[in-house]
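Working notes for the structure below.
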Amino acid sequence: MNTLNDLHQISSSFSNTEKMPVLFLGHGSPMNAIEENQFVTGFRNLAKTLPQPNAILCISAHWFTKGTKVTAMEMPRTIHDFGGFPQELFAVQYPAKGSPELAAETAALFKPLEVELDKHWGLDHGAWSVIKHLYPEANVPVIQLSIDYTKSPQYHFELAKKLSDLRQKGILIIGSGNIVHNLRLVDFPNFNKDNYGYDWAIEARETVNNYLLDGNFQPLIDYEKQNKALQIAIPTPDHYLPLIYTLGLKDKTEELSLFNDKLVAGSLSMTSVKIC
């Protein structure tokens with residue numbers, strides 16, 4: 001897009017709406033896509049509270065790239081980016097349409113940053129495994145925005161702000177990851193034990209939740225400077241940075257609430273956030 005007129009034409013394809021909520025969804029195991037459990041119920045209950053979106057923009061932990069990309073195909077494929085799970089899970093398809101128009105508008109919002117319009121990725125399980133519970137009929141177009149792994153949390157927090165205009169075009173913006181996410185320390189024998197976490201995971205969850213509910217986001221952006229518990233909880237940034245995008249989109253007048261706020265298998269959390 002080279003002109004303001006191009007941008008206006010694209011913007012006009014999405015009707016003006018009341019400001020849409022912003023979400024961070026703790027997506028957990030891919031098996032949540034096909035299992036019935038309390039977290040799936042939490043996603044479905046959330047869906048009942050949401051206005052009908054014109055489209056969804058998802059920032060998933062599982063699309064970690066050099067540079068920033070946005071999916072721009074008409075029909076994104078369902079990516080089964082995992083191994084060792086039942087065939088039933090690999091058979092799941094989520095046939096939501098894409099939106100090349102929304103992809104182009106998203107890229108334009110980031111100028112002068114160069115954003116690649118990607119025609120190869122699709123919807124990874126960070127996106128479809130949770131969105132399928134919000135919109136099981138796959139009747140809402142979905143695009144994904146990648147996370148540039150060369151950039152700092154502060155960079156991503158500021159970048160997210162550039163997406164704010166989309167919220168008044170009926171675009172539901174979803175970050176998908178997990179706040180406490182240390183796969184090396186998962187206690188598989190206790191995977192189904194309710195709200196079970198190691199002491200450090202309990203401490204990390206409490207620390208993050210207190211900052212979230214107080215609206216004090218800078219320590220969360222600077223998580224690498226926080227207590228040891230947080231360092232164990234966030235050994236790599238991929239599952240954490242989608243939360244930073246969600247927080248970057250919060251206005252001062254908006255409320256932040258938590259749901260699915262439990263620990264799993266010692267070293268994971270399903271804590272999810274709604275801002276509206």
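Just so we're clear, the structure is a prediction, and the values are computed from it rather than from any experiment.
How far CZ of F24 is from CG of L258: 11.0 Å, rounded to the nearest 0.5 Å. Distance check: I173 CD1 to L249 CG gives 4.5 Å after rounding to the nearest 0.5 Å. If you take CG on L247 and CD1 on I221, they are separated by 7.5 Å, rounding to the nearest 0.5 Å.
Looking at C58 and W63, their side chains never come closer than 4.5 Å, going by heavy atoms from C-beta outward. D238 has its side chain out of reach of I147: every pair of non-hydrogen atoms, C-beta onward, lies at least 4.5 Å apart. Inter-residue side-chain proximity for L256 and L212 is flagged as met; some heavy-atom pair is nearer than 4.5 Å. The side-chain heavy atoms of V92 and I34, taken from C-beta on, include a pair separated by under 4.5 Å. Here the side chains of F39 and F259 are not in contact, with every heavy-atom distance at 4.5 Å or above. Side-chain contact between H27 and H239: present, with at least one pair of heavy atoms (C-beta onward) separated by less than 4.5 Å. Considering only heavy atoms from C-beta on, L23 stays 4.5 Å or farther from F43 through its side chain.
Note: H62 and W128 fail the aromatic proximity criterion, with ring centroids not under 6.0 Å apart. When ring centroids are compared, Y240 and H181 stay outside the 6.0 Å threshold. Between H125 and H80, a ring centre-to-centre spacing not shorter than 6.0 Å is recorded.
Y149 and F64 have tilted rings, their planes meeting at an angle from 30° to 60° on a 0 to 90° scale. Between Y245 and H156, the ring planes lie tilted relative to each other; the angle falls in the 30° to 60° range.
Environment of NZ in K119: sparse, with no more than 12 heavy atoms of neighbouring residues, nucleotides or ligands closer than 6.0 Å. Counted within 6.0 Å of CG on D199, heavy atoms from surrounding residues, nucleotides or ligands total 12 or fewer; the atom is thus considered open. Heavy atoms of other residues, nucleotides or ligands lying less than 6.0 angstrom from CD of Q218 number more than 12. Few gaps surround NZ on K262; more than 12 heavy atoms of other groups in view lie less than 6.0 Å from it. The neighbour count for E206 CD, taken as heavy atoms of other residues, nucleotides or ligands under 6.0 Å away, does not exceed 12.
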Note to self: The test is side-chain contact (heavy atoms from CB on, under 4.5 Å); show your working for L134 and L25 and say whether it passes.
What the structure shows: CA-CA 11 Å; L134 303 183; L25 302 181; 4.1 Å; yes

Margin query: Assess the residue pair R167 and K19 against the criterion (side-chain contact (heavy atoms from CB on, under 4.5 Å)); give the C-alpha distance rounded to whole Å, side-chain angles, the decisive distance to 0.1 Å, and a yes or no.
Written below: CA-CA 5 Å; R167 296 181 62 189; K19 183 179 289 187; 3.5 Å; yes

Next item on the list: Evaluate the criterion side chain to side chain donor-acceptor pair (under 3.5 Å) for residue pair N54 and K169; output intermediate values, then yes/no.
Entry: CA-CA 7 Å; N54 291 326; K169 292 290 184 179; over 6 Å; no

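T271 places no side-chain N or O within donor-acceptor distance of the main-chain N or O of D261, the cut-off being under 3.5 Å. Within the 3.5 Å criterion, the main-chain N or O of M20 finds no donor-acceptor partner in the side chain of Q168. A donor-acceptor pair under 3.5 Å is formed between the side chain of N37 and the backbone N or O of V40. Checking side-chain atoms of S146 against main-chain N and O of T65 turns up no donor-acceptor pair under 3.5 Å. In terms of modelled atom types and a separation under 3.5 Å, the side chain of T71 and the main chain of Q144 share a donor-acceptor contact. When atom types are taken as modelled, the side chain of N32 and the backbone of S29 share a donor-acceptor pair closer than 3.5 angstrom.
The existence of a salt bridge linking K69 and D148 is excluded, since no basic side-chain nitrogen approaches an acidic carboxylate oxygen closer than 4.0 Å. Between E36 and R44, at least one side-chain nitrogen of the basic residue sits less than 4.0 Å from a carboxylate oxygen of the acidic one, meeting the salt-bridge criterion.
Looking at every heavy atom in both residues, V140 comes nearest to P53 through CG1-CG, 3.9 Å.
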